[in-house]
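Note that the structure is a prediction, hence the values are computed from the model and not measured.
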Amino acid sequence: MTPAIVRAQTPLSQAVVTNGQPATASNSAMIESDSMSFAEFLSVAQAQVETVPAPESAEDAGTDPELGADTNLKLSADLSTNADNGPRADNSEDTLILADVIASVYRSYPEILRARQQAGLTSGELLSARGAYDTKFSAFSLSEPTGYYENYRNGLKLARQTWWGGYVEAGYRIGRGFYQPWYKERQTDDAGEFKVAMIQPLLQGRAIDPQRVAVFQASLARQAVGPSIQKALLEVSYDAATNYWQWVAAGAMLKAQRELLDLAETRGEQFEVGVEAGKFAEIDLILNQQLIAERSAKVLETERKYRETSFKLGLFLRDANGRPIIPGDEWVPERFPAVLPPPQNDFEADLSAALARRPEPQILQLEIRGIQLDRQLACNEMLPRLDFVAEASQDMGEPSTKSDDKGEFELVIGITSEVPIQRRKARGKIQSTTAKIAQTNQKLRLVRDKIGVELRTAYNALMLSGQIVEQTEASLRAAIDTLERYRFAFDRGKIDLIYLNLLETKANETEIKLIEAQQNWFAALAEMQVALGLDPLEQAMSVSSLPASQLPTSLDPGKLRDRDPKVLEQDWELRNQPNGANGR
């Protein structure tokens, strides 16, 4: 059913009204002609609207005070900068680029800051482990002032554990008074005694001991801080990138849905003029009002999703104080960056580079080295305890006894030994650490295999997503071309509003698919960069420096404005012939 185009039965000065104002006489005379095409009629009706005096206030016109009188007449409207109308990026300097988001993640994201604090934690643990080799100072002062044996003993000592498992000490003591015969060693000559002693393991504890293992493992934990931070950066930056592209896509979808709504709203104003003039049936106006309501609901639904993506993106976008920033509507880029074909893939070379860069294998390798230290210690504990001991002392000053038995230099050397017969502790430790190393090796093997799968998956997704973008672009361009041709037919009454609405909806769906295809391509690109272990900030800067995409972003590019209407008319005559494309 085609729109009804009938002659006005009432004076046009009464029938054609726009915003409460009658049409001018000259325009009324033009509308009165039955030979006028629908497109000519719409241009006259639009001219009438534009010549109406503007109301004194926005409230009098019943429109949004933020919008001008011509806003609803546009076939293609950008997203407004206010929150109610969606985002619009008119100045490229104001748009939010991916590098801004990733830089904010590096600077202020709590998970990254927490990972960086691990450096201080492991440094503290390493310092604490080295504390086992601190030089220790000790002193004593003991007195027995009552009883038959009155004596006074004082002394001080410096001691420390050596790196090779030994122990050395040096001290001075002085003992005065009378001593029990069984405690004569406590007595010194008048100037006191200087003493040096050492213990050095020869078997167990010489090559490695628990103190050295603690230092080595703390050092490995410190080495793991860098890969741990890198792992957190890769994970968080990937989440930030995917959220950013979702936000960009949501803004583009909102713009597309508002454009579709603007088409219906513009046509609604034209239908109102046409119904008042008696040129159209009221059923077309009612149908268009239904379209406006449906598309308005779709705009609201799309805006809800857009707001959700804005809130989520604010989790990664933070100010100097670390507080989340909800991105403004004016920050949304008008276009995605250009989609480029991926480079030729050399899987083996990429896998080798990824395994060298990715932090997960590095962390597991450091973990294996830590377990190997425990196993090495357990093997050492299987050896018997065999220690070399030496002690040298010299008393100074006047002899404390008549026999002068403390005046000579004294030296004690020897060996002590101890060994558990069953040695179950050491054997059990060897068994458990061997199994743990085998477990971690299998985990490392699986991680390497997963990295290979991630590389294949990411490259496959990137390649096919690019092809989907190409095919969807071709589909959208064809849909826009088809839509323009059917608009030409609609303007001349060759098709009805229902059919045109179907074509507009189909073209809008294709436009949404192209937006989603671009979003998926950049998400696949981020996945590929993570799989290769590349620096997220450097990659984000590279992506942000890409030129803007030249893919179509509107359903009204005006491609047919320069085409000869006679050619289009002839094309429709051929289509409607019995042997035409329709087979009618």
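Evaluated for a side chain to side chain contact (heavy atoms under 4.5 Å, CB included) with C379, the options R375, E381, Q376 yield exactly one hit, R375.
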request  = Could you please spell out the steps behind the side chain to side chain contact (heavy atoms under 4.5 Å, CB included) verdict for E418 and D387?
outcome  = CA-CA 9 Å; E418 178 186 22; D387 299 340; over 6 Å; no
message = With salt bridge (Lys or Arg N to Asp or Glu O under 4.0 Å) as the criterion, how do E484 and R487 come out once you've worked through the C-alpha distance, each side chain's angles and the decisive distance to 0.1 Å?
response = CA-CA 5 Å; E484 288 295 327; R487 282 175 180 166; 2.7 Å; yes
message = The test is side chain to side chain donor-acceptor pair (under 3.5 Å); show your working for N508 and E259 and say whether it passes.
response = CA-CA 9 Å; N508 176 259; E259 179 188 63; 5.7 Å; no
ask   = Can N520 and I468 be said to form a side chain to side chain contact (heavy atoms under 4.5 Å, CB included), step by step?
value = CA-CA 9 Å; N520 293 336; I468 292 174; over 6 Å; no
task = Could you give me the CA-CA distance, side-chain angles and deciding distance for K255 and V332, then say whether side chain to side chain contact (heavy atoms under 4.5 Å, CB included) is met?
result = CA-CA 11 Å; K255 179 180 178 181; V332 180; over 6 Å; no
message = With side chain to side chain contact (heavy atoms under 4.5 Å, CB included) as the criterion, how do D449 and V453 come out once you've worked through the C-alpha distance, each side chain's angles and the decisive distance to 0.1 Å?
response = CA-CA 6 Å; D449 292 343; V453 172; 5.6 Å; no
query = Passes ring-ring contact (aromatic ring centres under 6.0 Å, His included), Y244 versus W331? Steps please.
reply = CA-CA 12 Å; Y244 173 79; W331 296 356; over 10 Å; no
message = Determine whether E294 and K298 satisfy the following criterion, salt bridge (Lys or Arg N to Asp or Glu O under 4.0 Å), listing intermediate values before the conclusion.
response = CA-CA 6 Å; E294 291 177 353; K298 190 64 176 179; over 6 Å; no
Which atom pairs, donor and acceptor, lie under 3.5 Å between side-chain atoms of residues 522-537 and protein residues at least two apart or in another chain?
residue : atom : partner : partner atom : Å
Q529    : NE2  : Q539    : OE1          : 3.4
D535    : OD1  : Y106    : OH           : 3.0
D535    : OD2  : L537    : N            : 3.4
D535    : OD2  : E538    : N            : 2.8

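Residue R427 qualifies as enclosed at atom CZ: its count of foreign heavy atoms under 6.0 Å is above 12. The number of heavy atoms from other shown groups lying within 6.0 Å of CD (Q467) is above 12. Around the CZ atom of R222, the shell of radius 6.0 Å holds no more than 12 heavy atoms that belong to other residues, nucleotides or ligands. Summarising the local packing, CE of M198 is surrounded by more than 12 heavy atoms from other residues, nucleotides or ligands at distances under 6.0 Å.
Looking at K305 and E301, their side chains come closer than 4.5 Å, going by heavy atoms from C-beta outward. Using a 4.5 Å heavy-atom cutoff, the side chains of L98 and W245 are in contact. Here the side chains of M253 and Y306 are not in contact, with every heavy-atom distance at 4.5 Å or above. Counting only heavy atoms from C-beta outward, the side chains of W521 and L462 approach each other to under 4.5 Å. When side chains are defined from C-beta on, Q200 counts as touching R206, because their heavy atoms get closer than 4.5 Å. Considering only heavy atoms from C-beta on, L551 comes within 4.5 Å of L514 through its side chain. Residues R295 and N501 are in side-chain contact: their nearest non-hydrogen atoms beyond the backbone lie under 4.5 Å apart. Counting only heavy atoms from C-beta outward, the side chains of L220 and L373 approach each other to under 4.5 Å.
A distance of 7.5 Å separates OG1 in T482 from CG in L503, rounded to the nearest 0.5 Å. Between the CG atom of L444 and the CD1 atom of I437 there is a distance of 12.5 Å, given to the nearest 0.5 Å. How far CD of Q223 is from CG of L126: 10.0 Å, rounded to the nearest 0.5 Å. Taking CD of Q230 as the start and CD1 of I112 as the end, the distance is 11.0 Å to the nearest 0.5 Å. Note that OG1 of T505 is 5.5 Å distant from CG of L260, once rounded to the nearest 0.5 Å.
Comment: K513 does not engage E516 in a salt bridge, judged by the lack of any side-chain N to carboxylate O separation of less than 4.0 angstrom. Using a 4.0 Å cut-off between charged nitrogen and carboxylate oxygen, R477 and E473 count as a salt-bridge pair. Using a 4.0 Å cut-off between charged nitrogen and carboxylate oxygen, R307 and D329 count as a salt-bridge pair.
Sorted by first and then second residue, the ring-ring contact (aromatic ring centres under 6.0 Å, His included) pairs involving residues 108-129 (not counting sequence neighbours) are Y109-F316.
Remark: E169 pairs with K157 by the salt bridge (charged side-chain N to carboxylate O under 4.0 Å, His left out) rule, at least two apart or across chains.
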